[in-house]
Amino acid sequence: MTTPPHTGDQAEIAPDDDKLDAAVFKIAGVVVLGAIMSILDMTVVSVALPTFIDVFHTTYAIAAWTMTGYTLALATVIPLTGWAADRFGTKRLYILALVLFVLGSVLCSFAWDIQSLIAFRVIQGLGGGMLMPLGMTIITHAAGPHRVGRVMAVLGVPMLLGPISGPILGGWLIEAASWHWIFLINVPIGAIALAAAFILLPSDKPSPSESFDFLGMLLLSPGLALFLFGVSSIPEMGTIASARVLISAAIGLALVVAFIFHALRATHPLIDLHLFRNRALTIAVVTSTLFAIAFFGAGLLFPSYFLQVRGETTLHAGLLLAPQGIGAMLTMPVAGKLVDKIGPGKVVLVGIVLIGIGMAAFTQVGADTSYVLLLGSLFVMGLGMGATMMPIMTAALQTLTHSEVARGSTLMNIMQQIAGSIGTATMSVVLTNMIKGRELAGPAIGSLSDPSIAGKLPPGALQTGFEQAGQAYGHTFMVALVLIILTLIPAYFLPRTKAVAPDGSDVAAPPIVVH
């Protein structure tokens, strides 16, 4: 069996066993540093929204664009990442992404109003959008498909540390220092990541590039941005029937559909849709999309419940989410090893069931639900996360050839970004309508930031309001639970055997470049 080609003029040494060696761990360490910085920033900003509202004297809907603007930038740049990685090399592009992200972070810390902060978050997003797909490409090339499950478990570390430490770190920095430091914290992390990338990542000499699909870029990047803009505007407008929502989403969707027709005919499209001929990748994309809609949408509800219904501080809300990350840290290494041995199918099914069990408890939350029950449920969900998120990604990437990995990881990230945006918008709209439908829920939540509201309510109304707010969250979690259960359908068809090459032998790793 032939080894997949690798471009470059360095010495190449094929791995002689199935273990993850020092070279792979060093490369994985560089990727994890960049991913931690990106994911940590997203979770830190989510708990800072109330602070932005107070400091910049704005509304929640406008402050939320500090996250939406970042998302739109991601959607714009991710489609270009696969082509650019082939054209310029993954190391050079990864370093550029780090520079853009750190530069955007510094600019955010100097924002003078909410509009400038949103603009600087877009710059941050241009860098952040490239970090994850590039990181997956680099780490998959280094380890090879036969070890990608275990090495993806390493890449999953920042996905766990971000949700755990982000709210805690964000709450502490805001309370102990100022909101500026939630962005400035990226500077030392970025400096270490840049130094490590220069020293440890293998230098790349990319092969002659395919021609750039300029028409595809003009269709897909603005199409994704407009579609996500429309979807992300739903919570602010309060209805899907709004002209801003419908017109933006419709134009964006039309551009994306036009890109699909173009990509199926083009010789070298921006995103290679012919990858969907790969059955394992197609099933993994469908599974990942449904999962992202449910899980990332519900992910915003957990801290909001603790903040709005239980009256916790941002720091305490972050600490209360820790069991979820702890659970995932226990199962992720085990899941990575199992995926490499028995395939991702069985592992993912078990993970989704565990998430569903944990989510079921949150469908019954109220104003005084036992913290023991809630923290235990978060822990069970974490166990499921560790057996779900990265194994699904592994299912997609482990059957791709060396030359397809960059385009495949880009495709997966685009779908996850779209799904995550749809999920957060859906959950926000459902929760908003649930709260509006309960007369006292809104005033009770408002009393946490404005105590004078409590004095205007009849005796006992405040407690009733918090109970109604808890019920609103419970019914919204029910929507997330239904979506999680639906994810079992495509997950059932994920591969349940070890990845093999077309000739029936075990998939071999591409050579590891050594200087």
Side-chain angles (χ1 to χ4, degrees), residues 18 20 24 28 31-32 35 39 132-133 135-137 139-140 143-163 278-296 299 324-325 327-358 380-400 405 408-409 411-413 415-416 419-420 484-500 506-507:
D18 199 43
L20 293 176
V24 175
V31 172
V32 165
I39 295 173
M132 283 306 289
M136 285 191 293
T137 299
I139 211 167
T140 304
H146 74 313
R147 301 182 297 184
V148 75
R150 279 160 292 167
V151 83
M152 277 294 176
V154 175
L155 187 57
V157 169
M159 293 189 175
L160 308 178
L161 293 180
N278 182 324
R279 181 178 180 273
L281 180 136
T282 300
I283 294 172
V285 166
V286 175
T287 306
S288 174
T289 300
L290 268 176
F291 177 78
I293 291 173
F295 192 78
F296 291 117
Q324 192 176 55
M329 291 178 71
L330 293 176
T331 54
M332 187 166 281
V334 177
K337 292 179 181 179
L338 287 175
V339 167
D340 286 339
K341 291 181 179 180
I342 64 174
K346 297 174 183 176
V347 177
V348 171
L349 284 174
V350 172
I352 293 173
V353 169
L354 287 172
I355 291 174
I357 292 172
V380 172
M381 289 183 66
L383 295 175
M385 283 172 58
T388 305
M389 296 175 66
M390 301 316 290
I392 293 175
M393 192 69 71
T394 301
L397 298 182
Q398 68 181 1
T399 58
L400 299 180
V405 169
S409 61
L411 177 62
M412 287 291 290
N413 273 271
M415 296 305 297
Q416 270 199 347
I484 286 291
I485 293 172
L486 289 176
T487 308
L488 287 169
I489 297 173
Y492 178 81
F493 296 98
L494 288 171
R496 300 191 189 185
T497 57
K498 186 176 180 179
V500 294
D506 288 347
V507 175

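On a predicted model such as this, the values are computed, not experimentally measured, just so you know.
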Novice: Got F291 and I355 here, is their nearest side-chain heavy-atom distance under 4.5 Å?
Specialist: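 In short, these two side chains touch, coming nearer than 4.5 Å.
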
Novice: Give me the atom names and distance for the closest heavy-atom approach of L290 to P490.
Specialist: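 Shortest heavy-atom contact: CD1-CG, 3.9 Å.
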
Novice: Between CE of M381 and CD1 of I484, what distance do you get to the nearest 0.5 Å?
Specialist: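 M381 CE to I484 CD1: 7.0 Å, rounded to 0.5 Å.
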
Novice: Apply side chain to side chain contact (heavy atoms under 4.5 Å, CB included) to V353 and L488, showing your working.
Specialist: CA-CA 8 Å; V353 169; L488 287 169; 4.2 Å; yes

Novice: Measuring from atom CD1 of I283 to atom CD1 of I489, what distance do you get when rounded to the nearest 0.5 angstrom?
Specialist: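 It comes to 13.0 Å.
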
Novice: Restricting to non-hydrogen atoms, name the atom on T287 and the atom on A491 that form the minimum distance, rounded to 0.1 Å.
Specialist: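 Closest approach of T287 to A491, heavy atoms only: OG1-N, 3.6 Å.
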
Novice: Mind listing the closest non-hydrogen atom pair of V348 and P391 along with its distance?
Specialist: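 That closest heavy-atom pairing would be CG2-CB, 3.7 Å.
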
Novice: Where is the tightest heavy-atom contact between A387 and T331, given as atom of each residue plus distance?
Specialist: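 Here A387 and T331 meet closest at N-OG1, 3.9 Å.
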
Novice: To check you understand the geometry: which heavy-atom pair defines the closest contact between R279 and F493, and what is its length?
Specialist: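 Distance-wise, the nearest heavy atoms are NH1-O, 3.8 Å.
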
Novice: Nearest 0.5 Å, please: how far is CD1 in I357 from CD1 in I352?
Specialist: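 Between I352 CD1 and I357 CD1, I get 12.5 Å after rounding to 0.5 Å.
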
Novice: Looking only at heavy atoms, what is the nearest atom pair of A335 and G386, with distance?
Specialist: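 That would be CB-O, 3.5 Å.
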
Novice: CG of L330 to CE of M385: how many Å apart, nearest 0.5 Å?
Specialist: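 So the gap between those two atoms works out to 12.0 Å.
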
